[in-house]
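Questions regarding the structure given below will be posed in turn.
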Number of protein chains: 2
Amino acid sequence: MGEFEQIVLLALLRLGNDAYGMEIRQEIERRTGRETSYGAVYTTLDRLDRKGYVTFRMGDATAERGGRARKYFRVEAAGRRALTETRERLAVMWEGVSPR
Amino acid sequence: MGEFEQIVLLALLRLGNDAYGMEIRQEIERRTGRETSYGAVYTTLDRLDRKGYVTFRMGDATAERGGRARKYFRVEAAGRRALTETRERLAVMWEGVSPR
DNA sequence: TGATTTTTTATACATCGTATGATAAATAAC
DNA sequence: GTTATTTATCATACGATGTATAAAAAATCA
């Protein structure tokens with residue numbers, strides 16, 4: 001799993017594991033301070049979905065004010081697992097290393 | 001910087017910051033338990049070199065026993081910096097998240 | 001010289017990062 | 001009720017990164 005995929009997954013978890021694309025993008029900006037396009041986020045969400053790392057449900061169309069229906073995503077067990085594994089693989093390599 | 005690039009860089013640091021391709025590959029296998037091809041490692045070393053994250057010197061040809069000259073790599077300051085930054089970006093996203 | 005060993009290089013293709021522009025669907029204005 | 005505006009996602013495209021296989025280079029051994 002790539003780094004940006006991890007970041008998207010973590011943003012979703014951080015948002016209570018039930019959020020939609022635009023929110024996720026905002027959360028990423030808020031935490032990393034780095035601007036990101038919507039396209040980047042949606043493409044990645046789509047790939048995560050195809051891997052079975054996330055699923056989604058369509059939101060009610062009639063929300064507050066005009067606009068297309070939202071897709072609410074959630075991280076699945078496989079996604080949590082992959083996230084943890086990726087993290088640990090790197091942690092093992094970092095062990096005892098201090099790049100000064 | 002991608003995950004495998006990080007892993008290669010960390011393996012190099014771990015080996016005392018003066019190692020050649022085949023050693024690096026072995027160190028990666030030893031630590032992560034995951035098999036990797038030589039091609040993967042060399043391609044990545046080449047990319048890291050072009051980014052200025054590593055440099056190399058050619059080793060003496062006349063070593064122990066036959067074979068082509070080794071290229072001894074070392075991580076440069078830019079590489080250390082990039083490594084740390086990448087790590088911190090992810091750490092910020094992980095903060096307070098426990099994917100159970 | 002030719003086989004063998006050690007190491008790197010070339011190449012190729014799949015996956016991931018990331019932006020731009022198009023499209024969809026709802027409400028608001030007139 | 002057609003058009004503008006708003007909210008949100010989709011389509012597409014292309015460079016960067018992951019990763020393997022096969023070839024080549026350069027040294028020693030027989």
Side-chain angles (χ1 to χ4, degrees), chain A residues 1-12 19-29 32 34-54 56-73 79 82-83 86 89-90 93, chain B residues 1-12 19-29 32 34-54 56-73 79 82-83 86 89-90 93:
Chain A
M1 182 167 42
E3 189 194 358
F4 194 64
E5 293 181 326
Q6 292 172 65
I7 289 178
V8 168
L9 237 33
L10 288 167
L12 183 48
Y20 66 104
M22 301 189 80
E23 275 181 320
I24 292 171
R25 171 180 161 281
Q26 197 183 16
E27 175 67 10
I28 292 171
E29 280 197 13
T32 67
R34 177 173 159 236
E35 283 200 10
T36 308
S37 69
Y38 291 109
V41 174
Y42 283 110
T43 302
T44 299
L45 281 169
D46 186 55
R47 288 172 185 163
L48 291 171
D49 178 40
R50 263 183 292 205
K51 288 187 194 175
Y53 289 178
V54 302
F56 65 87
R57 62 177 177 80
M58 295 310 290
D60 281 353
T62 336
E64 311 83 58
R65 203 202 158 306
R68 192 170 179 165
R70 295 172 175 168
K71 280 173 85 169
Y72 287 96
F73 289 86
L83 210 43
T86 300
R89 196 173 332 132
L90 263 177
M93 291 303 299
Chain B
M1 182 166 43
E3 188 194 0
F4 194 64
E5 293 181 327
Q6 292 172 65
I7 288 178
V8 168
L9 237 34
L10 288 167
L12 184 47
Y20 66 104
M22 301 190 77
E23 273 181 321
I24 293 171
R25 171 180 162 280
Q26 196 184 17
E27 175 67 10
I28 292 172
E29 280 197 12
T32 67
R34 177 174 157 236
E35 284 202 10
T36 307
S37 70
Y38 291 110
V41 174
Y42 283 108
T43 302
T44 298
L45 282 168
D46 186 55
R47 288 172 186 163
L48 291 171
D49 178 41
R50 264 183 293 204
K51 289 187 194 175
Y53 289 176
V54 302
F56 64 87
R57 63 178 176 79
M58 296 309 291
D60 282 354
T62 336
E64 310 84 58
R65 204 203 158 306
R68 194 169 176 163
R70 295 173 175 168
K71 280 172 83 170
Y72 286 97
F73 289 87
L83 211 42
T86 300
R89 195 172 335 130
L90 262 178
M93 291 303 299

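The structure displayed is predicted, hence computed values, not measured ones. Here is how names work: the chains are called A, B, and so on, in the same order as the sequence lines, proteins then strands, and each is numbered from 1.
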Inset, instruction - Whole angstrom is fine here: how far is it from CG in A/Asp49 over to P in D/dA11? - result: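 Going from CG in A/Asp49 over to P in D/dA11 covers 13 Å.
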Legend entry - Any donor-acceptor pair under 3.5 Å from A/Glu29 side chain to A/Gln26 backbone: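 Not a single qualifying donor-acceptor pair exists.
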Legend entry - Smallest separation among heavy atoms of A/Ile28 and A/Ala11, with atom names: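 A/Ile28 and A/Ala11 have their closest heavy atoms at CG1-CB, 3.8 Å.
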Inset, instruction - Just compare C/dT7, C/dT18, D/dC10 and give me whichever is closest to any side-chain atom of B/Tyr20. - result: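 It is C/dT7.
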Inset, instruction - Could you tell me whether the side chain of A/Arg89 and the main chain of B/Thr32 form a donor-acceptor pair under 3.5 Å? - result: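 Not a single qualifying donor-acceptor pair exists.
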Legend entry - Sole residue of B/Leu9, B/Leu45, B/Thr44, B/Ile7 in side chain to side chain contact (heavy atoms under 4.5 Å, CB included) with B/Ile24: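 The residue from B/Leu9, B/Leu45, B/Thr44, B/Ile7 that satisfies side chain to side chain contact (heavy atoms under 4.5 Å, CB included) with B/Ile24 turns out to be B/Leu45.
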Inset, instruction - Could you tell me how the ring of A/Phe73 sits relative to the ring of A/Phe56: parallel (under 30°), tilted (30 to 60°) or perpendicular (over 60°)? - result: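 Plane angle between 30° and 60°, so tilted.
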Inset, instruction - Whole angstrom is fine here: how far is it from CD1 in A/Ile28 over to C1' in C/dA19? - result: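 To the nearest whole Å, that distance equals 15 Å.
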Inset, instruction - Grab the CG-C1' distance between A/Asp46 and D/dA13 for me, whole Å please. - result: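 Taking atom C1' of D/dA13 as the reference, CG of A/Asp46 is at 15 Å.
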Legend entry - Closest non-hydrogen atom pair between B/Tyr20 and B/Lys71, with its separation: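 For B/Tyr20 and B/Lys71, the tightest heavy-atom pair comes out as CB-O, 3.1 Å.
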Inset, instruction - Answer yes when A/Arg70 and A/Glu23 have at least one side-chain N-carboxylate O distance shorter than 4.0 Å, and no when they do not. - result: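 Salt bridge absent between A/Arg70 and A/Glu23.
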Legend entry - Interatomic distance where CZ belongs to B/Phe56 and C1' belongs to C/dT9 [whole Å]: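 Result: 12 Å.
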Inset, instruction - Report yes if a side-chain nitrogen or oxygen of A/Arg70 is closer than 4.0 Å to either non-bridging phosphate oxygen (OP1 or OP2) of D/dT6; otherwise report no. - result: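 So the side-chain polar atoms of A/Arg70 never come under 4.0 Å of the phosphate oxygens OP1 or OP2 of D/dT6.
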Inset, instruction - Report yes if the side chains of B/Tyr53 and B/Glu5 come closer than 4.5 Å at any heavy-atom pair, otherwise no. - result: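 No, every pair of side-chain atoms sits at 4.5 Å or beyond.
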Inset, instruction - Grab the CE-P distance between B/Met58 and D/dA27 for me, whole Å please. - result: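 The answer, rounded to whole Å, is 10 Å.
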Legend entry - Minimum heavy-atom distance B/Gln6-A/Leu90, with the two atoms named: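 For B/Gln6 versus A/Leu90, the nearest heavy atoms are OE1-CD1, 3.5 Å.
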Atom pairs under 3.5 Å, N or O on each side, protein against nucleotides 12-16 of chain C: can you list them with distances?
unit_1	atom_1	unit_2	atom_2	d
C/dC16	OP1	A/Lys51	NZ	2.9

Inset, instruction - Answer with base, sugar-phosphate or nothing: what part of the nucleic acid does A/Arg34 contact at a heavy-atom distance below 4.0 Å? - result: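 A/Arg34: backbone/sugar contact only, no base atoms under 4.0 Å.
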Inset, instruction - Return the value, rounded to whole Å, for the distance between atom CD of A/Glu35 and atom C1' of C/dG17. - result: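 Those two atoms, CD and C1', are 16 Å apart.
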Identify all pairs in which a protein N or O lies below 3.5 Å from an N or O of nucleotides 20-22 of chain C, and state each distance.
none

Legend entry - Interatomic distance, A/Leu45 CG vs C/dT18 C1' [rounded to whole Å]: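 Going from CG in A/Leu45 over to C1' in C/dT18 covers 14 Å.
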Inset, instruction - For B/Lys71 and D/dA24, give me the distance from atom NZ to atom C1', rounded to whole Å. - result: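 Roughly 14 Å, once rounded to whole Å.
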